[in-house]
Amino acid sequence: MRTHTNVVYVKLEHEGFTGWGEATLPPYLPETQKSVSEFLREFNKSISSNTIDDWFEKLKPVQTNMSAKAALDMALWNLKAQVENKTIGELLRIKEKEFPLGTYTIGVSSLDEMKTKVEEANKAGFEIFKIKLNGENDGEVIRDFKSLSNKKFAVDVNQGWNDPEEVCSKIMWLAGEKCLLVEQPLPKNKNSEMALIKGKCPLPLYADESCQRLSDIERLKGSFDGINIKLMKCGGITEAYQMILKARELDMKVLIGCMSESSVGCTAAAYLTPLADYADLDGPYLISNDPFSGMKIKEGRIELNPLVQTMQL
Ligand code: MG
């Protein structure tokens, strides 16, 4: 079990306003606090202008250090919104018609641990769960969950299944259990196998590890029904927004996800959620020392609140 996640916060000050960004760095990402700090120092050295739009322009072509880029990108959006006295959603002309349901993630856990998590999620107001499966005891995990809750659930296999035939029968079984969707059942390079499964499978299939950036979406069209967009994968709000437009153009579903961001990263992502089918922004509910408050879950749905710092850093 992971007990903590390293993070780098970015603070930009301009015309009396403060914009915050965040790079969260779970151990499966290649970036570290050191690499993020180095990227930020180099970026700072390379820029001579002081306008927000010039900073955006300079950041646009960056193709590496995606968590660092995401931290800077969201801090710039945060700052631009304050300078222009608008929300990030208003800057992107996103109508806040209806916010999607938010999922609460349950990692691979014992029945007792699962019970505690289900209770925490219920208390926080979540109406959907995302259950992690790893190919071992999957049936038992789902039966355990159903003994604790009759709420809706999705599953995230994290590339944990292999045999396409077996995957089909597991998905048929999950459909009977009223599962909503299946995320990343096969390893990320198994695109043609995924296309075979998609043809036979009764549940929507979402790409996570297979879909990192805007340039990945087109080739996933025949293999998945939807994509999981995360700011840490794609480098921030700017590209995430373009990814949503691309997915919609290809008639694909959209889930806005997170890694283990605090309220800084999850609130930034929450501005995009009126355009999504689901939001997996449970980061602030899974960490105990969030130095900010912002987006929340209300009656199961994402609720947007302005980002407020609640603890000195
Ligand atoms: Mg996933």
Side-chain angles (χ1 to χ4, degrees), residues 1-2 5 23-31 66-67 70 100-109 114 117 121 126 128-136 138 141-142 145 152-162 167 170-171 174 179-191 193-194 197-198 201 203-214 216-217 219-220 223-235 239-240 243-244 247 252-262 265-266 269-270 272-273 276-287 297 302:
M1 187 193 282
R2 201 158 88 221
T5 305
T24 190
L25 303 161
Y28 50 82
L29 285 187
E31 292 173 78
M66 299 314 281
S67 306
L101 290 165
T103 59
Y104 184 92
T105 302
I106 298 187
V108 175
S109 45
M114 196 188 270
K117 287 176 187 169
F126 284 88
I128 317 184
F129 288 85
K130 190 201 253 186
I131 301 172
K132 299 269 188 184
L133 299 180
N134 62 3
E136 294 167 26
D138 293 337
V141 172
I142 298 303
F145 169 73
K152 293 177 180 157
F153 70 97
V155 299
D156 183 359
V157 190
N158 282 334
Q159 316 181 71
W161 294 343
N162 270 302
V167 170
K170 284 193 182 196
I171 293 175
L174 284 166
C179 176
L180 292 169
L181 63 94
V182 178
E183 187 173 309
Q184 197 68 45
L186 291 183
K188 62 182 175 187
N189 53 353
K190 303 265 182 188
N191 219 21
E193 288 87 342
M194 280 306 305
I197 294 168
K198 184 174 177 281
C201 162
L203 290 178
L205 304 168
Y206 279 64
D208 184 3
E209 287 83 352
S210 293
C211 184
Q212 303 284 321
R213 306 282 311 274
L214 177 64
D216 293 323
I217 304 176
R219 71 180 163 76
L220 299 173
S223 307
F224 289 91
D225 302 281
I227 56 169
N228 182 341
I229 300 172
K230 296 176 183 168
L231 301 186
M232 292 302 125
K233 292 193 293 188
C234 71
E239 184 158 327
M243 289 176 79
I244 297 171
M252 293 177 84
K253 304 267 184 204
V254 170
L255 188 159
I256 304 285
C258 68
M259 295 203 171
S260 46
E261 288 93 320
S262 69
C266 285
L272 298 169
T273 60
D277 298 287
Y278 295 105
D280 183 12
L281 298 177
D282 54 3
Y285 290 93
L286 304 178
I287 55 178
I297 292 292
I302 300 292

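Order of listing sets the numbers, starting from 1, for every ligand and every atom in it.
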* **Intermediate values then yes/no, ring-ring contact (aromatic ring centres under 6.0 Å, His included), F129 and F145** => CA-CA 9 Å; F129 288 85; F145 169 73; 5.2 Å; yes
* Contacts of type side chain to side chain donor-acceptor pair (under 3.5 Å), residue S210, not counting sequence neighbours -> Q184
* How about the Mg ion (ligand 1), which protein N, O or S atoms come within less than 2.8 Å? -> D156 OD2, E183 OE2, D208 OD2
* Output yes when a side-chain donor or acceptor of N228 lies under 3.5 Å from a complementary backbone atom of V254, and no otherwise. => no
* Step-by-step side chain to side chain contact (heavy atoms under 4.5 Å, CB included) determination, V182 to V155 -> CA-CA 5 Å; V182 178; V155 299; 3.9 Å; yes
* Asked: Under the ring-ring contact (aromatic ring centres under 6.0 Å, His included) test, which residues partner Y285, sequence neighbours left out?
  -> F126
* Contacts of E31 that satisfy side chain to side chain donor-acceptor pair (under 3.5 Å) - sequence neighbours left out -> S67
